[in-house]
Amino acid sequence: MCGIVCYVGTQDAKPILLEGLRRLEYRGYDSAGLAVQDGGEIGLHRSAGRIIDLEKKINDVAIPGCTGIAHTRWATHGEPTEENAHPHRDQEEKVFVIHNGIIENYHSLKKKLAKSGVKYRSDTDTEVLAHLIAGHFDGSLTEAVRKTMSQVEGTFGLAVIHKDVPGEIVVARRGSPLIIGVGEDGNFAASDVAAMVRYTNKVLHLNDNELASITAEGVSISTAQAKEVQRPAETVEWLPEDAELNGFPHFMLKEIFEQPETINNAMRGRLEPGEGVPKLGGIMPVWNDLKKCRHMVIVACGTSYYAGCVGRTIFEKLTEIDVEVELASEFRYQKLNFPPNTFIIALSQSGETADTLAAIREASRKGATLLGIVNVVGSSIARETAAGIYNHAGPEIGVASTKIFISQLTILTLLALLLGRHQNLSLTEGVEAIKALGALPDQVRQILSQDNHIQAIAEKYFKYNNWLFLGRKYGYPIAMEGALKLKEISYIHAEGYAAGEMKHGPIALINPEMPTVAIAPRDAMYEKMIGNMQEVKSRRGPLIAIATEGDEKIREIADEVIEIPHTLEYLYPVLATVPCQLLAYHCARFLNRDIDKPRNLAKSVTVE
Ligand code: M6R
């Protein structure tokens with residue numbers, strides 16, 4: 001969802017900005033633009049569509065200047081046209097601004113500005129920012145932005161340049177991520193580390209209601225109340241090659257194949273095999289309360305929510321804690337009433353999902369303690385939670401989340417195991433769990449080696465327009481995640497259902513035109529799943545089973561079988577997910593879909 005990249009330094013800004021925009025493509029967008037400053041001149045270039053369309057437009061255009069701001073827009077206010085693309089400018093074309101987020105009071109601001117003669121060029125909320133900043137400008141761009149911040153309601157990560165102050169970019173943040181990069185040949189700002197990781201790994205995080213003036217020489221941060229802020233730069237772990245395809249046709253496939261390493265990264269330095277107890281340093285600040293906790297709520301959206309659903313069942317198995325899982329977008333509208341010592345776990349890949357942020361803010365207001373399980377270091381959720389655990393999975397570029405889901409399952413298991421071992425879980429159970437966790441990377445590799453077989457299944461079924469995914473207990477959230485993956489990237493309609501619910505409705509849909517994917521490992525629900533699969537087959541529904549290796553019974557029932565290795569019941573979700581991801585990927589590929597950037601979707605959903 002909307003991306004920002006800015007550069008000010010000694011090099012030509014144009015190629016740096018275009019490179020940054022390409023790195024942000026995965027966030028989802030429908031138009032792009034940039035403004036580059038050369039002394040007192042600012043050149044504006046925008047295009048509807050993809051970055052490649054912008055590039056075609058400006059490839060042969062000389063755009064001199066070492067200061068620039070660039071943006072990918074995901075339309076909210078106004079259609080994805082060139083006129084609505086960022087940067088936006090004021091009447092006199094002195095101020096150029098790019099913005100992520102939503103200005104909630106833009107209607108009233110627009111009306112006021114219109115009365116004073118301002119003519120609008122776009123349908124966006126962002127344009128008011130350019131007019132307001134121009135109105136407040138009195139020689140200091142920082143002050144003009146500060147005054148504007150006090151007038152606007154809503155969320156923003158923004159960057160501004162002004163014709164009269166060459167060589168300066170002012171950025172500000174409230175509710176939308178904004179990171180400053182400190183480089184050798186200049187400084188950067190971006191909504192996402194990926195945009196600048198090729199040039200620098202030294203970053204400064206802006207907090208909400210802070211702004212910064214960035215020049216080639218340095219960065220000065222201050223608050224909305226004009227208080228100076230001193231903050232040392234941090235080093236990010238991500239490498240430039242993390243954001244490359246490295247020979248894979250899509251980031252999604254690359255990330256699926258990275259999963260053995262993702263699991264290792266989630267566990268690295270965190271396992272103590274002899275004691276059967278994981279070590280999770282990030283939660284130590286709240287450990288004394290956490291070990292006494294008896295009530296937890298996991299809040300998340302999309303794929304992260306399904307990981308939370310698996311997590312609840314793992315907690316039920318390994319601990320004495322009551323765990324609820326809530327969709328973040330619904331949670332904050334409920335009547336929240338927590339027992340003492342309730343912990344809220346925010347599960348989020350990006351750490352910036354607006355619904356999840358809003359949910360934890362509300363929970364915090366009601367007295368709960370916040371924990372985060374996030375992948376992006378320094379993200380908003382990471383910073384707003386009292387303690388947490390990082391996934392350490394590297395960037396996930398494909399819009400469809402794959403490796404982070406697997407990482408979330410791994411980390412939730414570690415957390416449940418740690419708490420369980422301080423409650424009733426025996427040493428033997430702890431040791432057994434750690435042994436089984438340690439075997440997961442190789443077991444995932446074993447499933448990945450069946451890629452050709454899964455591709456052949458996809459080739460047989462990709463033309464079917466409706467699919468059903470069924471699972472029970474641990475398998476139920478995997479059925480929902482499998483269906484979500486398929487619909488996200490292939491646009492095939494798919495439903496994930498609790499298998500026991502099938503006869504209460506969905507069974508009416510079963511016919512030879514509707515494939516069913518059954519998550520059916522040899523766990524406690526096995527016999528019941530066999531019954532459900534027979535119900536599908538007796539109605540001549542094509543049946544694809546994900547089953548434990550060597551399961552002859554399932555081979556007799558199902559049309560297709562994808563085998564997964566044997567593991568502990570509560571670790572089957574990790575293994576059963578991988579065939580679902582590959583099935584979705586190959587169906588989407590046969591359908592020629594834009595796999596890494598599926599239509600209408602954004603990687604990080606920063607609006608509610
Ligand atoms: O960054 P988050 O984990 O908070 O994102 C939550 C969802 O937006 C995300 O999982 C979404 O459902 C993905 N497109 C799933 O593939």
Side-chain angles (χ1 to χ4, degrees), residues 256 259-260 263 306-307 309-310 313-314 316-318 402 405-406 409-410 412-413 429 432-458 461 467-483 485 496-500 502 515-537 541-584:
I256 291 173
Q259 290 178 129
I263 298 171
Y306 298 139
C309 294
V310 178
T313 318
I314 298 176
E316 194 179 290
K317 167 88 182 161
L318 301 183
T402 52
F405 180 74
I406 293 295
L409 298 186
T410 310
L412 284 165
T413 309
E429 287 166 306
E432 175 189 55
I434 287 189
K435 193 167 162 225
L437 280 162
L440 284 178
D442 275 343
Q443 293 183 317
V444 170
R445 273 186 204 103
Q446 199 180 319
I447 301 168
L448 293 172
S449 71
Q450 297 178 65
D451 186 36
N452 287 342
H453 169 54
I454 298 172
Q455 180 176 337
I457 297 176
Y461 295 97
W467 291 48
L468 186 63
F469 285 69
L470 296 178
R472 281 173 179 263
K473 199 174 172 181
Y474 295 103
Y476 170 35
I478 304 309
M480 294 195 288
E481 169 60 7
K485 271 317 66 107
Y497 245 86
M502 186 175 65
T516 295
V517 178
I519 316 296
R522 273 202 180 272
D523 60 11
M525 297 289 112
Y526 177 75
E527 292 300 339
K528 299 248 184 259
M529 277 305 297
I530 294 278
N532 296 129
M533 287 192 280
Q534 265 153 350
E535 285 160 6
V536 171
K537 266 334 290 171
L543 183 63
I544 303 165
I546 296 174
T548 307
E549 57 194 355
D551 190 326
E552 293 308 322
K553 198 163 166 185
I554 286 191
R555 269 199 190 279
E556 279 170 25
I557 307 171
D559 300 293
E560 320 290 341
V561 179
I562 305 169
E563 291 195 337
I564 57 175
H566 172 76
T567 185
L568 297 177
E569 181 180 50
Y570 56 87
L571 295 181
Y572 270 127
V574 171
L575 302 182
T577 300
V578 182
C580 295
Q581 295 169 339
L582 287 170
L583 207 48

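Remember, predicted model here, so these are calculated numbers, not experimental data. The first residue in the sequence is number 1, and the count goes up from there.
The shortest non-hydrogen separation linking Lys485 to Thr402 is CD-CG2, 4.3 Å. The shortest non-hydrogen separation linking Ala433 to Leu568 is CA-CD1, 3.9 Å. A pairwise comparison of heavy atoms in Ala520 and Ile554 identifies O-CD1, 3.5 Å as the closest pair. Residues Val536 and Pro542 share a closest heavy-atom pair of CG1-O, 4.4 Å. For the pair Ala576 and Ile546, the tightest heavy-atom approach, listed with the atom from each and the gap, is O-CD1, 3.9 Å. Listed here is the closest heavy atom pair of Leu575 and Ile564: O-CG2, 3.7 Å.
Side-chain atoms of Tyr497 and Met502, non-hydrogen and from C-beta on, never get closer than 4.5 Å to each other. Residues Ile557 and Gln534 have side chains in contact (heavy-atom distance under 4.5 Å, counting atoms from C-beta outward). Looking at Pro573 and Thr313, their side chains never come closer than 4.5 Å, going by heavy atoms from C-beta outward.
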Using a 3.5 Å cut-off and no angle test, enumerate the donor-acceptor pairs between side-chain atoms of residues 468-478 and protein atoms at least two apart in sequence or in another chain.
from: Arg472; atom 1: NE; to: Asn532; atom 2: OD1; distance (Å): 2.9
from: Arg472; atom 1: NH2; to: Asn532; atom 2: OD1; distance (Å): 3.1

Met529 vs Arg522, test: side chain to side chain contact (heavy atoms under 4.5 Å, CB included). Steps then yes/no.
CA-CA 10 Å; Met529 277 305 297; Arg522 273 202 180 272; over 6 Å; no
Step-by-step side chain to side chain contact (heavy atoms under 4.5 Å, CB included) determination, Val444 to Gln446:
CA-CA 5 Å; Val444 170; Gln446 199 180 319; over 6 Å; no
Kindly indicate, with the supporting measurements, whether the criterion side chain to side chain contact (heavy atoms under 4.5 Å, CB included) is fulfilled by Met533 and Ile530.
CA-CA 5 Å; Met533 287 192 280; Ile530 294 278; 4.0 Å; yes
Please test Leu448 against Leu582 for side chain to side chain contact (heavy atoms under 4.5 Å, CB included), starting from the C-alpha separation and ending with a verdict.
CA-CA 8 Å; Leu448 293 172; Leu582 287 170; 4.2 Å; yes
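For the atom pair Ile256 CD1 and Asp451 CG, the distance stands at 8.0 Å (nearest 0.5 Å). Rounding to the nearest 0.5 angstrom, the gap separating the CG atom in Leu412 from the CD1 atom in Ile314 is 6.5 Å. The CD1 atom of Ile406 sits 8.5 Å away from atom CD of Glu481, with the distance rounded to the nearest 0.5 Å. We find the CG-CG distance between Leu571 and Leu409 to be 9.5 Å, quoted to the nearest 0.5 Å. In this structure, CE on Met525 lies 15.0 Å from CD1 on Ile519, to the nearest 0.5 angstrom. Interatomic distance, CD1 of Ile562 versus NE2 of His453, reported as 5.5 Å (0.5 Å rounding).
Residue-environment remark: NZ (Lys537) exceeds the threshold of 12 foreign heavy atoms within 6.0 Å.
The salt bridge (charged side-chain N to carboxylate O under 4.0 Å, His left out) search around Lys553 returns Glu527, not counting sequence neighbours.
In this structure, Glu560 contributes its side chain and Ala545 its backbone to no donor-acceptor pair below 3.5 Å. Remark: side-chain polar atoms of Asp559 are paired, donor with acceptor, to backbone N or O of Leu543 under 3.5 angstrom.
Counting only residues at least two apart or on different chains, the side chain to side chain donor-acceptor pair (under 3.5 Å) pairs with a member in residues 570-583 are Gln259-Gln581, Thr548-Tyr572, His566-Tyr572.
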